[in-house]
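Notes follow the structure.
Just the heavy atoms: all of them, side chains too, but no hydrogens, waters or symmetry mates, feed the values below. All values derive from a computational prediction rather than experimental measurement.
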Amino acid sequence: MPIFVSSYTLRAISKFYAHQEQSGYDKLAHLANQLNFFILAKLRHVLFALYFAMIALRHGSEATSDGKRSRSLSQGTYGSLGTADDIFIAVDAVSGSVSESTPLLDKAAAPPPSPPSNHTKDCLNWRSVGLLVMCVSALGLAVYLLWRQTQLPGLGYRLSLIEHDIWSDMDLHGQGSRLLDPFAVVSVYFTHTSSAACSDDCLELLHRLQKHRLEELPYNFLITGDCQAFEARGWQYESHFAELPQATSLVVAFVGDFSQRPPSDCQLATAQALLLESLKRRRLHPEYNLFVVGNAEAVQQELQLWPRYGGRRRRKRREVE
């Protein structure tokens, strides 16, 4: 049985695989650079701590050996005479003088070494304290950096996101599109396109929605019936709804008419995954609010059960017919 595929679908598939191959290499290179930077940064601190630890251990061993040597000499100076084998008598053949020497007398003649001063002990103690403070500080800094890197939402979701350049030929540059500040986005508005729905070959439907427009669709993202998210203006550009706070919001539209029937469970799961992905990419404020605009009554009935639902707002006019 022959299978007919439209030219739009073929072009989208080729662009998708080309982008996937390129983006995979880019992500791998980016991950390798981040790992290299992280290892070098942490290795410098570890070597710094090990250097001071070796210095402290060396001074500690020298102080211990000096203490043992002084104790042994002091014991030898005031010890017993020992046996007669240790006594040496020398007779000078010329003068006839007699001299006696023993190891005990030799040790007694040598001046005893001075014990380590309190100043050396204090310096050693201060070095140990300084080394301990530095190790604790380095450990605390490493724990803080790891905590900052792990403050991301859980990855227990699946999102099929089709980027703008893969499916759309609309040029977002030079259309008067304003850049969106990711740190200012505090609201997400959900609506619907009030058009026909789709369960497969949704790309054809999206191109029909674009057909009579001179610019890109006014939404940031669209969620189709085949449970995919299409990037229209994305996280980079503001939406095109004059009655909404464009500089502080994202607009997500379910493709279809959902004034009476709600979106499918798969579409709702895709919307939730899109919110989590926005949080993970730092494109949405953690304390965001959800709103429903337009006459999407069924969408409101579903989203009012979600966390951070803020209410419903009506639009003055409908953007896409």
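- Atoms CD1 and CG, on I162 and L222 in that order, are 12.5 Å from each other to the nearest 0.5 Å.
- With sequence neighbours excluded, the residues satisfying side chain to side chain contact (heavy atoms under 4.5 Å, CB included) with T248 are A184, V186, P245.
- Looking at L161 and F230, their side chains never come closer than 4.5 Å, going by heavy atoms from C-beta outward.
- With sequence neighbours excluded, the residues satisfying side chain to side chain contact (heavy atoms under 4.5 Å, CB included) with L179 are Q236, Y237.
- For residues 181-200, no residue pair satisfies the salt bridge (charged side-chain N to carboxylate O under 4.0 Å, His left out) rule, not counting sequence neighbours.
- Applying the 4.5 Å side-chain rule to ILVMFWY residues, one finds L132 in the same cluster as V136.
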Take S239 and Q246 through the side chain to side chain donor-acceptor pair (under 3.5 Å) test and state the conclusion after the steps. CA-CA 6 Å; S239 64; Q246 303 174 31; 5.1 Å; no

Evaluation steps, side chain to side chain contact (heavy atoms under 4.5 Å, CB included), between R233 and M170: CA-CA 10 Å; R233 296 175 182 265; M170 291 286 186; over 6 Å; no

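- Side-chain contact between V255 and L206: present, with at least one pair of heavy atoms (C-beta onward) separated by less than 4.5 Å.
- For the pair S249 and N220, the tightest heavy-atom approach, listed with the atom from each and the gap, is O-OD1, 4.2 Å.
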Ignoring hydrogens and angles, write down the donor-acceptor pairs under 3.5 Å from the side chains of residues 267-276, residues two or more places apart or on other chains.
| unit_1 | atom_1 | unit_2 | atom_2 | d |
| --- | --- | --- | --- | --- |
| Q267 | OE1 | S264 | N | 3.2 |
| Q267 | OE1 | S264 | OG | 3.3 |
| Q267 | NE2 | T224 | O | 3.2 |
| T270 | OG1 | C227 | O | 3.4 |
| T270 | OG1 | C266 | O | 2.9 |

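- Every residue two or more places apart in sequence or in another chain that forms a side chain to side chain contact (heavy atoms under 4.5 Å, CB included) with V133 is listed here: V129, S137.
- Side-chain contact check for E216 versus S168: some heavy-atom pair is nearer than 4.5 Å.
- Note that the CD atom of E204 and the CG atom of L209 stand 11.5 Å from one another [nearest 0.5 Å].
- Side chain of T193 to main chain of G256: a donor-acceptor pair is present (N/O by atom type, distance under 3.5 Å, no hydrogens or angles).
- Partners of R208 according to the salt bridge (charged side-chain N to carboxylate O under 4.0 Å, His left out) rule, which considers only residues two or more places apart in sequence or in another chain, do not exist here.
- With rounding to the nearest 0.5 angstrom, the NE2 atom of H164 is 8.5 Å from the CG atom of L217.
- Qualifying ring pair (Phe, Tyr, Trp, His ring centres under 6.0 Å) partners for F258, counting only residues two or more places apart in sequence or in other chains: none.
- The shortest distance between side-chain heavy atoms of V251 and F241 falls below 4.5 Å.
- With sequence neighbours left out, Q300 forms a side-chain hydrogen bond (donor to acceptor under 3.5 Å, both in side chains) with R312.
- Note that NE2 of H240 is 8.5 Å distant from CZ of R178, once rounded to the nearest 0.5 Å.
- Note on W306 and F254: same hydrophobic cluster, where clusters join Ile, Leu, Val, Met, Phe, Trp and Tyr whose side-chain heavy atoms are under 4.5 Å apart, directly or indirectly.
- The shortest heavy-atom contact between L172 and A232 is CD1-O, 3.6 Å.
- Of the inter-residue distances, the one linking E302 atom CD with D265 atom CG reads 7.5 Å to the nearest 0.5 angstrom.
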Would you mind writing out the side-chain donor-acceptor pairs for residues 283-294 within the sub-3.5 Å range, not counting sequence neighbours?
| unit_1 | atom_1 | unit_2 | atom_2 | d |
| --- | --- | --- | --- | --- |
| H285 | ND1 | E287 | N | 3.0 |
| E287 | OE1 | R308 | NH1 | 3.2 |
| E287 | OE1 | R308 | NH2 | 3.4 |

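- Within the 4.5 Å cutoff, no side-chain heavy atoms of S199 are placed close to those of D226.
- The shortest distance between side-chain heavy atoms of I223 and V252 falls below 4.5 Å.
- For the pair N295 and S194, the minimum side-chain heavy-atom distance is below 4.5 Å.
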Y189 vs L250, test: side chain to side chain contact (heavy atoms under 4.5 Å, CB included). Steps then yes/no. CA-CA 6 Å; Y189 293 91; L250 294 173; over 6 Å; no

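- Side-chain contact between Q210 and W167: present, with at least one pair of heavy atoms (C-beta onward) separated by less than 4.5 Å.
- Applying the disulfide (SG to SG under 2.5 Å) rule to pairs touching residues 185-215 yields C198-C202, sequence neighbours excluded.
- For E231, there are no salt bridge (charged side-chain N to carboxylate O under 4.0 Å, His left out) partners, not counting sequence neighbours.
- Closest of all the heavy-atom pairs between R281 and E277 is NE-OE2, 2.8 Å.
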